[in-house]
Amino acid sequence: MSAVDLSLYCVAALLALGLAAIALRRSAAISALVYFGSALLSLVLAGAGVAVLAGAAEITGRVLPVGLPWLGSHWRIDALSAFFLLVVGFGGAAASVYAVGYGRHESEPQRVLPFYPAFLGAMALVVMANDAFSFLLSWEVMSLLSWALVMAHHRAAGTQHAGYVYLVMAGFGTMALLLAFGLLAGSAGDYAFEAMRAAARSPAMAAVILALMLVGAGSKAGLVPLHVWLPLAHPAAPSHVSALMSGVMTKVALYGLIRVVFDLVGPLEWWASPAVIVLGAGTAVLGILNALVASDIKKILAYSTIENIGVIVAALGLALAFRANGMAATSALAFSAALFHIVNHAAFKSLLFMGAGNVLVATGQRELDVLGGLIHRMPVTAFLVLVGALAISALPPLNGFASEWLLFQSVLKSPELPQAGLQIIVPAAGAMLALAAALAAAAFVRLYGVGFLGRPRSDVAAKAIEVDRFALAAMGALALVCVLAGIFPGVMLDLMAPAAEAMVNGRLPVQADEAWQTLVPIAETRSTYSGLLVFLFIVFSATSSAWLVHRLASRRLRRGPAWDCGFPSNIANTQYGAGSFVQPLRRVLGTILLGAREEVAMPPPGDNRPARLLVTLRDVIWDGGYLRLAALINSAATQMNRLQFLTIRRYLSLVVGSLVSLLLVLTIWN
Amino acid sequence: MDRIAFDIAHLLAGGLVLVSFMMIYQDRLYALLNVFALHAVLLSLSVSWQAYTQHAPHLYVTAAIALIFKAIVIPGVLHRIIRQMGIHREVEKVVGVGVTMLAGMGLVAMSIVLMLGLTEAADAFAREDLAFALSVVLLGLLMMVTRRNAVSQVVGFMSLENGLILAATGAKGMPLVVEISVAFSVLIAFIVIGVFLFRIRERFDTVDDVALEDYRGEVE
C-alpha cells in the first residue's frame, strides 16, 4: 500500500473515531478509546511521513471521487507533505497519549472527544491536498474543528470572546487564501496544484500572491499584526488541544505558506523577500515582549509561539532572498533551519503546554502570581518543563539551539548577497532575532522561576499533587526528542533534506558522516557545531564537579535561613513575582511597544493603607489597529445605511449612473 | 443592393433613436403614447427589413409581434387606463427638457463611440445596429429616471425593450427563442405594472410615485 493510501485510511479512521465518540458518548471508556486510537493512528501518519522522507516509500498521488463533480479530490504525499505529516503525526501522538490522562479531568468530555480526532485528520488532509479545492476545504474543516475545541469550556470567562475573535480571523484568513488560489489558478481556472506550478506569471502577480498568503496563512500561524486570536484562543482550549494548536496547527499554516510561496508560485524576485524577513523578525520581537509581561502561563506560551513563528518566517524569508539570487546551498541552509525549527518548536511547545496543563490540573490556576514552589510538589513535571524551557531558550545542547544556530549561520552569509538593501536588512533582522532569543530566555526564566521555584504563593500551590503517568510519559517522550534532536541534529537534517531540496533546489552537505555528530552547514573552515560534544562536556564537567564537591566538601549538614535582604519575613509575596521580575525589561522596552505605564498610589500621611504600584499595559495593536478599524467600518456602515432609504427613482438613477459610468470607462479605455 | 440595404437599415435604426428623443420631450401622456406607438412601428419596420435582407423569415414573426402588441395593443390599453384614471390632462417633468436632451445626446455619442470601437471585427450591419440599439436602451433608461409618472416610466421601460429587440435582430442567426422571450418579458412587465398602477391608484388616488415616498414616511 502506498503512503498516501495508508494516510487516507488513517484519516478516515480518525474521522470515524470522531463519529464513534458521538455514538458512544455514554460509555465510560470512550475517552481512553478515542485518545489511544488517535495516538495509534497519528503514529501511523508519522510513520508514513518518515517512510516517504527516507525514500522507503514512493511519492504517489491518489484521486478520490469525492468533492467537486467530475474533478474529484487530489491527494499526494511528496517530501514536503511527508515532512509536515511527520510533524502532525508526531505532535498528535504525543498530545493524544497526554490526553489519555489529562482527559479524565475534563468536565464535559463530549464537547472535546468528537472534534479531537477529526481535527487531527483535517490537519493531515491539509498537508496531503494536491488541489486548491481540497486544500481550502480541509483548511476550513481544520479551522472550524479547532474553533469547536476552543469553545469546549464555553462558559468560562473570556472563552466566547476568544472563539469569536478566532472565528473572525479564520474567516478573514481563508478569504485571503481563496483570493491567492484564485490568482494562482489564473484565467485557465485549473485548480490542480500541477497546473498552478506549470503556469507562468509576472513577478508583480507572484508578489501579490505572496502578500495574500502572508495574510491568509499568517493569520492562522500568528504573524503580527494578525496574531490577536492566538493568545486568546490557546489558553481557552483544553491543554492537550492548546498543545496541538500551538505546536502543530500553526505549522500546518506554515505548510500552506511554504507550499504556495516556494512551490506553486514559481520564482519570486529578491525584492519580495525583505517584507517576509522584516515581518518575521518583528513578529518574533513583539511576540516575546508580550510573553514577558503576560502573567497567565498559557498566555505566555501562546505569545512565545508567536515569537517562534516569527523566527521560522524570518528563516523562510532568508531562504527566499538566497534563492532569488541563485545561492541554492545557503537557501537550503535557511530553509532547513526553518524546517528544523518547526519540528523543534512542535516538540518543546507541546511539552510546555502539557506542563501548563499539569499545573492547571494540580492547582486549577494559570496565573503565575498564585503559583510557586511547584518543584517540591511536582518534581517530574518540574524537571520535564525545565527541559522544555531550556530547549525553547535555545541553550545547547538542546534542539532549540541547533536550529537557531543554523538560522544565524545563514544570516552570517548575508554579505554575499548582491543587493545593498538585503545586505542592510538581513543583519538588522538577525539582530532582532538575537534580541528575541535573549528575551525568550528571560521569559522562560521568569516562567520557571516564579511558577516552579521559590515558595508557594497560595494554598492550592502548596497542596499541588503530581499528575498521572500517561501525561508524564507523553511529556517524557517529548523531552527525550528535545534532547536527542539537540545531540543528533545531523540525523534530523538528513531526514528533511529531500523536502528542502524539492523547494529550493539545493541541499545541505550530508551530515551523517561527520565525526562526533558535528553540524557542518557550509564548510569545515567556516563554522561547525557538535551537540554531542557539548552534551558530553556538560555531562563530564557536571559529574566531575559534583564528584569533587562531594568528595572534598564537608559532609556535615547545616540548615540556615535563606537570604532575604536582611528583612526576615514569611510572606510569600516578598519573593520576586511575575510583575517585579520583568520590571526592568518592561521599563526599557515596553513603554512604546506595550504602552506600559507605572503609577504609584501613595496614601496620604496618617493613612495606614499600603502604597501600591499600579502597572497598566495596553495592547497597542488591538487598540490602535483593530478597534480603530472596527470604528472606521462602523462609521462607514452608518454612512452607507442611507442607501437603504432612497426613493425608487433615486435607485433607478443609481443603476443608470453606474451603468453609464462603467460604459464611459470602457469607452475611454478603448 | 447591399448599399441600399445598409442605408435603409441605417435609416430605420436611426429613426428609432430619433423617436426615442421625441419621447423624452413629450410632456402629455397621450402624446407620449402616440410617439411610443410610432417607435414600435419603426421597430417592426426595421425588424422586417432585417428579415428581408438576412433571408430570415422567422424575424417576420418578431416584427409582427412588435407591431401588434407594442404598436397597437399596449398603447391602446394604456390609453384606456389613462382615461379611466382621468390623468390624461396631467403634465409632468422632472428635469428640464434642455438638460435631458443634452444628456441624451451625450449618451448617444458615447454609445456610438463605444460600439464602433468595440465591434471593429463585426460586419457593418451589426455594428450600426448595435450602436443604435445601445442608444435606444440608454435613452429608455434616461426616460425612466427623469419621469415620475408611473405610466411614462412603463413607456420608458418598453422603449428600452425595443432597443434590446433591435440589437437581437441586428445580429445574424439569433434564434427566435430570444425574441419571443424578450417580447413576453415586455408583456409580463406590462401586465404586472398595469396591475400595480391600479393598486397604487386605488390606494393613493394618484400614480405619482411621490405618494409612495410619503407613505414610507420620507419626503424629498
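So that the names make sense, note that chain A is the first sequence line, chain B the second, and so on, each numbered from 1.
Counted within 6.0 Å of CE on A:Met205, heavy atoms from surrounding residues, nucleotides or ligands total 12 or fewer; the atom is thus considered open. For A:Arg197, the CZ atom is densely surrounded, since the number of other residues' heavy atoms within 6.0 Å is greater than 12. Enclosure of atom OH in A:Tyr626 by more than 12 non-hydrogen atoms of other residues, nucleotides or ligands within 6.0 angstrom is indicated.
Within residues 655-666 of chain A, the residues having any heavy atom under 4.5 Å from a heavy atom of chain B are, by residue number, A:Val656, A:Leu659, A:Val660, A:Leu663, A:Leu664, A:Leu666.
Taking OG1 from A:Thr667 and CE from B:Met110, the interatomic distance works out to 5.0 Å, rounded to the nearest 0.5 Å.
For a residue to count as touching a neighbouring chain, one of its non-hydrogen atoms must lie under 4.5 Å from one of that chain's; by this rule B:Leu141 touches chain A with backbone and side chain alike.
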